[in-house]
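Let me begin by presenting the structure, written as C-alpha cells, before commenting on it.
Side chains are part of it too, since the values below use all heavy atoms of this structure and drop only hydrogens, waters and symmetry mates.
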Amino acid sequence: MKHILIIGCPGAGKSTFARKLAAKTGLPLYYLDMIWHKPDRTTVTHDEFDTRLSEILNYEDWIIDGNYLRTLPMRLQKADTVFLFDLPSEACIDGAISRLGRPREDIPWTEFVLDEEFRQWILNFSSDQLPVINLLLDNFSGNVIKFTSRAQADKYVIDKLLTSDDNASS
C-alpha cells in the first residue's frame, strides 16, 4: 500500500481514519478539501485543483482523503488501495454534527452550523454518489476495503499496527 484513497460520505469518519492510518504507515496525507477550499470559504479553480492533485498523484506515496467524484477516475488510475466508508446516513449526520465548533486539519475553517444544503447532501449521498462510486470501483484493479461502521475502521488500524509491528521485529 503506497497509493491510498479514502472515500465515502462526509461525517463517516474518513479524515479521522486517514490521520490514524498515516500515523501507523508513515505515508504522507493530503486532504482534498484543503486543496479545493480557501480559508475565506471560496474555492480554487478546477484547473488549479487538478494541477495540485496531479502533482500529488505523481509523488512516490500518499494517502488522499476526500471524494470529489469529478476526479475519482484520475485518482483510481494511480491508487493501489481504496478505503470506502459506507455508513448509514444518520451516523454520518451525527459525525458531521459532532465536529461542529472544533478546528480541523482537513478543512481551512471551523464549522459552527450544519447547514441544510450540506445535511441534504449527506442524506442523498447513498443514492446520488455511492452508485457512481461503486461503478467506478467495479473497474478498479486494486484492493477495496469497505467499512460499514467506524468500529470496523478502528479495528483495521489496530490490526494494521500489530501486523506492522510484527513485521518490523521479524
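- In this structure, the side chains of M1 and D80 come closer than 4.5 Å at one or more pairs of heavy atoms.
- Side-chain contact between D61 and P28: present, with at least one pair of heavy atoms (C-beta onward) separated by less than 4.5 Å.
- Contact between L87 and F147 at its shortest, heavy atoms only, is CD1-O, 3.7 Å.
- Within the 4.5 Å cutoff, the side chain of T110 has no heavy atoms near those of the R102 side chain.
- Y156 and V82 are not part of a single hydrophobic cluster, where members link through side-chain heavy atoms under 4.5 Å apart.
- What you find for F140 and L76 is that their closest heavy atoms are CE1-O, 3.4 Å.
- In this structure, OG in S89 is found 11.0 Å from CG in D94, a value given to the nearest 0.5 Å.
- In this structure, F49 has its ring center closer than 6.0 angstrom to the ring center of W36.
- Under the side-chain hydrogen bond (donor to acceptor under 3.5 Å, both in side chains) test applied with Y31, the options E105, H37, R104, K14 reduce to a single match, E105.
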For residues 126-138, which side-chain donor-acceptor pairs fall under 3.5 Å, sequence neighbours excluded?
unit_1: S127; atom_1: OG; unit_2: N124; atom_2: O; d: 3.1
unit_1: N134; atom_1: ND2; unit_2: L130; atom_2: O; d: 3.3

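- Interatomic distance, I145 CD1 to Q152 CD, rounded to the nearest 0.5 Å: 11.0 Å.
- V144 is not connected to L27 by any chain of hydrophobic side-chain contacts under 4.5 Å among Ile, Leu, Val, Met, Phe, Trp and Tyr, and they are in different clusters.
- Side-chain contact check for E111 versus W109: some heavy-atom pair is nearer than 4.5 Å.
- No hydrogens or angles considered: nothing links the side chains of D47 and T45 as a donor-acceptor pair under 3.5 Å.
- The CG atom of L29 lies 12.0 Å from the CH2 atom of W62; values are rounded to the nearest 0.5 Å.
- Note that CG of L21 is 5.0 Å distant from CD1 of I4, once rounded to the nearest 0.5 Å.
- By the 4.0 Å N-to-carboxylate-O rule, R150 lies too far from D154 to be salt-bridged with it.
- Residues L57 and Q77 fail the side-chain proximity criterion, which asks for heavy atoms closer than 4.5 Å.
- A donor-acceptor pair shorter than 3.5 Å can be found between the side chains of H46 and R70.
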Walk me through it: do K146 and F85 pass the test side-chain contact (heavy atoms from CB on, under 4.5 Å)? CA-CA 6 Å; K146 181 177 173 181; F85 280 70; over 6 Å; no

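- No side-chain N or O of D86 forms a donor-acceptor pair with one of T148 less than 3.5 Å apart.
- Counted by atom type alone, T51 and E55 present zero donor-acceptor pairs between their side chains at under 3.5 Å.
- Comment: R19 does not engage D65 in a salt bridge, judged by the lack of any side-chain N to carboxylate O separation of less than 4.0 angstrom.
- Closest of all the heavy-atom pairs between F118 and P10 is CZ-CB, 3.5 Å.
- Annotation: side chain of N67 is not in contact with side chain of L32 (no heavy-atom distance under 4.5 Å).
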Walk me through it: do L72 and L5 pass the test side-chain contact (heavy atoms from CB on, under 4.5 Å)? CA-CA 9 Å; L72 186 55; L5 300 180; 4.0 Å; yes

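- The line from OG of S15 to NZ of K20 is 12.0 Å long, rounded to the nearest 0.5 Å.
- In this structure, the side chains of I7 and L69 stay at 4.5 Å or more apart for every pair of heavy atoms.
- Closest approach of G8 and L84 over heavy atoms only: CA-CD1, 4.2 Å.
- For CD of Q120, the number of neighbouring non-hydrogen atoms (other residues, nucleotides, ligands) closer than 6.0 Å is greater than 12.
- Atom CG of L100 is separated from atom CZ of F112 by 9.0 Å, given to the nearest 0.5 angstrom.
- Inter-residue side-chain proximity for E116 and R119 is flagged as met; some heavy-atom pair is nearer than 4.5 Å.
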